[in-house]
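Take a look at the structure set out below.
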Amino acid sequence: MTIAIGIGVLLVLALVGALIYIGLREDNDRDPLQERLAEFGERETPQSLEQVELSMTFTDRVLLPLLRNLADLTSRFTPEKQIEDTRKRLDMAGMAGQIEPSVFFTIRIVAAVMLPFVSFLLFFVFSNGLFGETTSIIITVGSAALGYFLPSLWIGSKISKRQDTIIKALPDALDLLTICVEAGLGFDAAMGKVYEKWDNDLSLAFGRVLREIQLGKGRREALKDMSDRLGVPDVTTFIAAVIQADSLGVSMSQILRVQSDQMRIKRRQRAQEKAQAAPVKMMIPLAFLIFPAIYIVLLGPAILSLIENGTGGAF
């Protein structure tokens with residue numbers, strides 16, 4: 001009976017891991033069904049559509065549809081405002097189009113259900129009373145909270161890393177924009193040069209703005225949407241200055257020059273702030289890791305000598 005339960009737990013964990021992997025992987029550049037249909041069109045002897053579908057992998061035939069169905073079921077019971085907030089966070093993390101909000105909620109719910117189930121099996125079924133009942137209950141409840149909030153924490157970490165990357169790249173991007181505008185290019189063409197020359201989150205954001213402008217969206221609206229997607233105060237300040245200059249007819253090159261100088265000053269100030277905070281952050285490893293090791297190396301032989309000479313009673 002115990003072996004059967006263990007095998008069932010392993011199978012459930014494997015299924016959950018596969019669903020989470022499929023939901024989080026970046027697999028938007030390929031369409032398995034279109035690939036199979038293209039292969040179907042290139043064959044001299046056509047196959048039936050059923051044979052084409054059966055030739056797809058188990059992941060594309062079973063796991064992906066299962067995850068989508070779970071996501072659709074989850075989205076029916078999720079408030080619209082919460083879905084929009086999640087979509088905004090995914091955009092800020094640079095995962096727009098890679099994972100849908102409904103799929104993200106499905107992953108959170110599955111993790112919140114499976115982690116406490118596994119904890120229950122480990123601490124109540126297989127532990128044989130090794131852990132106390134109160135401890136087991138606390139761990140089970142804590143694993144449910146961990147499973148629900150862990151994907152959100154992962155998204156928050158990606159947002160923080162992406163914003164740091166954008167903050168570091170912004171002064172150099174403004175320098176290139178300034179040079180291009182002073183050389184006679186328009187602001188849109190200058191953004192195109194940044195998108196062409198670099199491959200980072202900020203240049204990709206400029207490229208998305210250009211595509212939205214080509215599709216008919218106004219420049220001001222596209223720039224405001226870019227500021228909302230990135231959520232970086234420096235970018236918001238830069239976009240506000242560009243929109244104001246465009247509205248008042250001020251020289252764009254002058255505005256870009258001023259913004260570039262300000263962003264470089266801010267970057268230098270951030271570097272100085274981190275340098276000044278470094279000694280405080282170093283106190284914890286120094287006090288608890290380095291100093292004890294130094295004391296053992298320096299005082300250890302002396303203490304051993306005193307103990308061998310019969311004066312160990314003083315210690």
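In what follows, every heavy atom counts, from backbone to side chain, and hydrogens, waters and symmetry copies are set aside.
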Non-hydrogen atoms of Leu298 and Pro301 that approach each other most closely: O-CD, 3.9 Å
Could you pull out the closest heavy-atom pair between Leu230 and Met92, with the gap in Å? O-CE, 4.1 Å
Are Arg87 and Glu84 ion-paired here, with the side-chain N under 4.0 Å from a carboxylate O? yes
What are the two closest non-hydrogen atoms of Val194 and Ala173, and how far apart are they? CG2-O, 4.2 Å
Do we see a donor-acceptor contact under 3.5 Å between the side chains of Ser119 and Ser143? yes
Will you find, in the side chains of Ser260 and Thr178, an N or O donor that is under 3.5 Å from an N or O acceptor? no
How long is the gap from CG on Asp228 to CD1 on Ile239, to the nearest 0.5 Å? 10.0 Å
Within-4.5 Å side-chain heavy-atom neighbours: Ile167 and Arg267: no
Do the side chains of Asp234 and Arg270 get close enough for a salt bridge, i.e. N-O under 4.0 angstrom? yes
Before you tell me yes or no, could you show the steps for Asp164 and Ser160 under side-chain contact (heavy atoms from CB on, under 4.5 Å), namely the whole-Å CA-CA distance, both residues' side-chain angles and the distance that decides it to 0.1 Å? CA-CA 6 Å; Asp164 290 340; Ser160 179; 4.0 Å; yes
With side chains defined as the heavy atoms from C-beta onward, is the minimum distance between Leu223 and Phe187 less than 4.5 Å? yes
Can you find a pair of side-chain heavy atoms, one from Ile284 and one from Phe288, that are under 4.5 Å apart? yes
Which atom of Gly231 lies closest to which atom of Gln163, heavy atoms considered: O-NE2, 3.2 Å
Leu90 with Ile166, same ILVMFWY side-chain cluster at under 4.5 Å: no
Salt bridge check: are Arg208 and Glu212 linked by an N-O gap of less than 4.0 Å? yes
Quick one: closest heavy-atom pair of Phe238 and Gln259, and the distance? CA-OE1, 3.7 Å
With side-chain contact (heavy atoms from CB on, under 4.5 Å) as the criterion, how do Ser203 and Glu196 come out once you've worked through the C-alpha distance, each side chain's angles and the decisive distance to 0.1 Å? CA-CA 8 Å; Ser203 63; Glu196 178 184 350; over 6 Å; no
So, do Ser152 and Arg89 sit near enough that their side-chain heavy atoms are less than 4.5 Å apart? yes
Side chains of Leu115 and Tyr148 in contact at under 4.5 Å (non-hydrogen atoms): no
To the nearest 0.5 Å, what is the distance between CG on Leu304 and CG on Leu299? 11.0 Å
Tell me, do Arg257 and Glu182 make a side-chain contact under 4.5 Å, heavy atoms counted? yes
Just to verify, what does Asp175 make a salt bridge (Lys or Arg N to Asp or Glu O under 4.0 Å) with, not counting sequence neighbours? Arg264
May I have the step-by-step check of side-chain contact (heavy atoms from CB on, under 4.5 Å) for Ile155 and Phe104, ending in yes or no? CA-CA 10 Å; Ile155 291 294; Phe104 180 73; 3.5 Å; yes
Between Ile243 and Val235, is there a shared hydrophobic cluster once you connect ILVMFWY residues whose side-chain heavy atoms come closer than 4.5 Å? yes
Is it possible for you to say whether Leu146 and Ile139 belong to one hydrophobic cluster, with membership spreading through side-chain heavy-atom contacts below 4.5 Å? no
To the nearest 0.5 Å, tell me how far Asp172 CG sits from Leu177 CG. 11.0 Å
Heavy-atom side-chain contact between Tyr195 and Arg211 under 4.5 Å: yes
Residues two or more places apart in sequence or in another chain: which of them pass salt bridge (Lys or Arg N to Asp or Glu O under 4.0 Å) with Asp91? none
Nearest 0.5 Å, what's the OG-CZ distance between Ser157 and Arg162? 13.5 Å
With a 4.5 Å cut-off on side-chain heavy-atom distances among I, L, V, M, F, W and Y, is there a chain of contacts connecting Ile137 to Phe120? yes
Answer whether the closest heavy-atom distance between the side chains of Gln272 and Arg268 falls below 4.5 Å. yes
If you apply the rule salt bridge (Lys or Arg N to Asp or Glu O under 4.0 Å), what do you find for Lys217 with Asp225, and how did you get there? CA-CA 11 Å; Lys217 183 181 287 188; Asp225 291 341; 2.9 Å; yes
Kindly compute the distance separating CZ (Arg229) from CG (Asp201), expressed to the nearest 0.5 Å. 12.5 Å
Heavy-atom closest contact (Asp188 atom, Leu210 atom, distance): O-CD2, 3.5 Å
Output the distance between atom NZ (Lys193) and atom CH2 (Trp198), rounded to the nearest 0.5 Å. 13.5 Å
With a 4.5 Å cut-off on side-chain heavy-atom distances among I, L, V, M, F, W and Y, is there a chain of contacts connecting Val232 to Met191? yes
